Amino acid sequence: MSESNEDKGDGTRVVGAGRRPEWTQGIVNPPVWRASTILYDSVADLRANARPDTHHKLFYGRRGTPTQWSLADALTQLEPGAEATFLYPSGVAAVSAALLSVLSPGDELLLADSVYDPTRSFATGFLKRFGVATRFYDPMIGGGIADLIGERTRAIFMETPGSLTFEVQDVPAIVAAAKARGVTTLLDNTWATPLLFPAIEKGIDLSILACTKYVVGHSDVMLGSVTAAQSHWARLRDTSYALGQTASPDDAWLGSRGLRTMALRLRQHGEAALEIARWLQTRPEIARVIHPALPDCPGHALFLRDFKGPAGLFSFVLAGGGETERATLIDNLQLFGIGYSWGGFESLAIPIDPDRIRTVMPWRAEGPAIRLQIGLEDPADLIADLAQALDRVRGAS
Ligand SMILES: *Cc1c(COP(=O)(O)O)cnc(C)c1O
């Protein structure tokens with residue numbers, strides 16, 4: 001069950017990935033191997049194992065056990081062309097380790113104006129103090145990014161679509177411009193996962209996932225990963241070792257358990273979200289639905305060209321109104337939780353205010369905006385719930 005199944009369907013690939021017989025010992029889902037100390041047969045044996053690359057060898061608990069190796073290997077197999085994957089205790093830990101594996105003081109980072117807010121804070125806070133300058137770019141810049149690449153530019157960090165406002169970036173054009181200048185490309189691929197956007201195959205050097213979202217899929221574990229092209233693996237591994245990064249075997253085990261159903265869940269999240277997004281477009285209270293598979297989304301044509309399908313997270317803008325209308329709508333939803341994160345089985349709704357974050361690409365909207373994560377409830381029930389909450393907004397205004 002350990003061959004990559006690269007030519008097979010997504011369901012087959014996630015079921016088989018990472019399950020090497022020497023790690024599972026015949027158990028279907030890789031079990032939890034917990035360890036700190038590993039015992040050696042002799043001093044000679046201990047010395048023989050004390051090498052910098054202990055990848056896939058029991059060495060010391062921090063370097064993982066077959067439980068973590070199996071999930072990491074599975075994520076590598078889902079990214080055709082990738083060398084290996086490192087796991088982290090959260091998505092933010094994965095983002096920061098990936099950036100630190102590339103950047104040194106004096107370097108410049110190009111960061112999409114649409115990125116996840118904590119990624120932005122890591123750049124403007126920690127990286128600034130560390131001597132790295134950040135320049136934000138318009139996520140719709142495409143090949144025009146070449147004009148922003150300077151002497152000191154070391155890396156370009158993308159997130160497509162952006163996880164609040166869903167601009168779809170021209171990854172192939174940005175990658176081409178970066179490669180021409182020897183600049184490293186990083187992508188936060190949490191929305192699409194490698195199933196909907198195989199990032200390494202598209203030329204990305206470091207592909208990042210908040211596994212907390214779709215890989216885990218049940219809103220009960222924090223976990224992150226970075227999958228690297230061969231050229232970037234050694235630095236990523238050594239930087240992550242130096243930072244003491246390690247994901248717990250229990251969390252990795254839950255990650256593996258979630259992964260087995262990820263293709264099935266993503267399909268359901270994607271289909272239901274699109275159905276709901278299309279229905280929202282018909283409502284007079286709504287000015288605009290921002291979903292990569294719909295024409296109002298910036299980069300919609302790039303989405304059709306580059307992605308294998310939609311995921312379950314999108315936003316919409318109310319036609320006028322303010323904080324009261326928005327809160328009335330969200331507070332009256334019965335089936336949607338109010339909370340951060342996404343990718344789990346339960347639907348969620350949050351208010352979003354991109355204008356408070358943006359610097360180069362001002363956010364203009366007809367009214368307040370809301371982001372929805374569509375869970376695994378029946379879409380008809382979710383639509384009925386949204387309908388009754390929208391009716392209340394209209395009644396209140
Ligand atoms: C949630 C999220 C992260 C961070 O993941 P955590 O596991 O919550 O630290 C990073 N990027 C994106 C796009 C996310 O949605």
Side-chain angles (χ1 to χ4, degrees), residues 68 71-72 75 85-100 109 111-127 139 157-169 171 186-197 199 204 206-227 240 243 245-248 250-252 254-255 258-259 262 265-266 269 273 290-292 299 307 310-315 337 339-344 346-352 354 357-358 371-375:
Q68 293 103 319
L71 176 60
L75 295 172
T85 298
F86 205 101
L87 299 180
Y88 301 86
S90 71
V92 165
V95 166
S96 56
L99 284 167
L100 289 172
L109 167 69
L111 190 58
D113 205 19
S114 50
V115 292
Y116 182 64
D117 203 21
T119 301
R120 196 181 180 99
S121 305
F122 181 71
T124 55
F126 186 98
L127 288 179
F157 189 108
M158 293 163 251
E159 181 181 314
T160 180
S163 57
L164 284 184
T165 44
F166 302 94
E167 297 87 350
V168 181
Q169 298 188 40
V171 173
L186 302 93
L187 171 68
D188 184 331
N189 201 21
T190 301
W191 187 87
T193 83
L195 296 184
L196 302 179
F197 191 87
I204 293 290
L206 294 165
S207 173
I208 299 158
L209 292 181
C211 297
T212 307
K213 313 289 166 56
Y214 286 130
V215 172
V216 165
H218 294 73
S219 305
D220 49 8
V221 178
M222 303 298 299
L223 204 61
S225 68
V226 183
T227 299
S240 303
L243 292 169
Q245 290 291 8
T246 186
S248 89
D250 301 79
D251 292 346
L254 282 165
L259 186 70
M262 188 171 79
R265 285 185 286 106
L266 258 185
H269 287 298
I290 315 169
H291 183 303
F307 286 69
L313 191 76
F314 67 94
S315 294
Y340 292 112
S341 200
W342 47 278
E346 185 190 40
S347 291
L348 301 170
I350 53 165
I352 57 164
I357 310 169
R358 292 304 166 79
R371 188 183 76 181
L372 296 181
Q373 121 89 6
I374 302 303

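Both counts, for ligands and for their atoms, begin at 1 and track the order of listing. Note that the numbering runs from 1 along the sequence shown for the chain. Please read all numbers here as calculations on a predicted model, not as lab measurements.
Note: Phe86 and Tyr88 have tilted aromatic rings, judged against thresholds of 30 and 60 degrees for the angle between ring planes.
The nearest protein atom to atom 4 (C) of ligand 1, hydrogens excluded, is given as Tyr116 CE2, 3.4 Å; this is a heavy-atom distance.
For atom 11 (N) of ligand 1, the candidate residues are Thr190, Thr212, Asp188; the nearest heavy-atom contact is made by Asp188. Distances from atom 2 (C) of ligand 1 to the heavy atoms of Met222, Lys213, Gln373 show the closest one on Lys213.
Put simply, the side chain of Gln169 gets close to the backbone of Glu159: a donor and an acceptor are under 3.5 Å apart. When atom types are taken as modelled, the side chain of Trp191 and the backbone of Leu313 share a donor-acceptor pair closer than 3.5 angstrom.
Side chains of Arg371 and Ser163: no donor on one and acceptor on the other come within 3.5 Å. Using modelled atom types and a 3.5 Å distance limit, the side chains of Thr190 and Tyr214 yield no donor-acceptor pair.
Residue Ser163 approaches ligand 1 through these ligand atoms, each under 4.0 Å from one of its heavy atoms: 13 (C). Listed by atom number, the atoms of ligand 1 under 4.0 Å from Trp342 heavy atoms are 15 (O). Near Gly91, meaning under 4.0 Å from one of its heavy atoms, ligand 1 places the atoms 4 (C), 5 (O), 6 (P), 7 (O), 9 (O). Applying the 4.0 Å criterion to heavy atoms of Val92 picks out, from ligand 1, the atoms 4 (C), 5 (O), 6 (P), 9 (O).
Using a 4.5 Å cut-off on side-chain heavy atoms (C-beta onward), Leu109 and Leu99 make contact.
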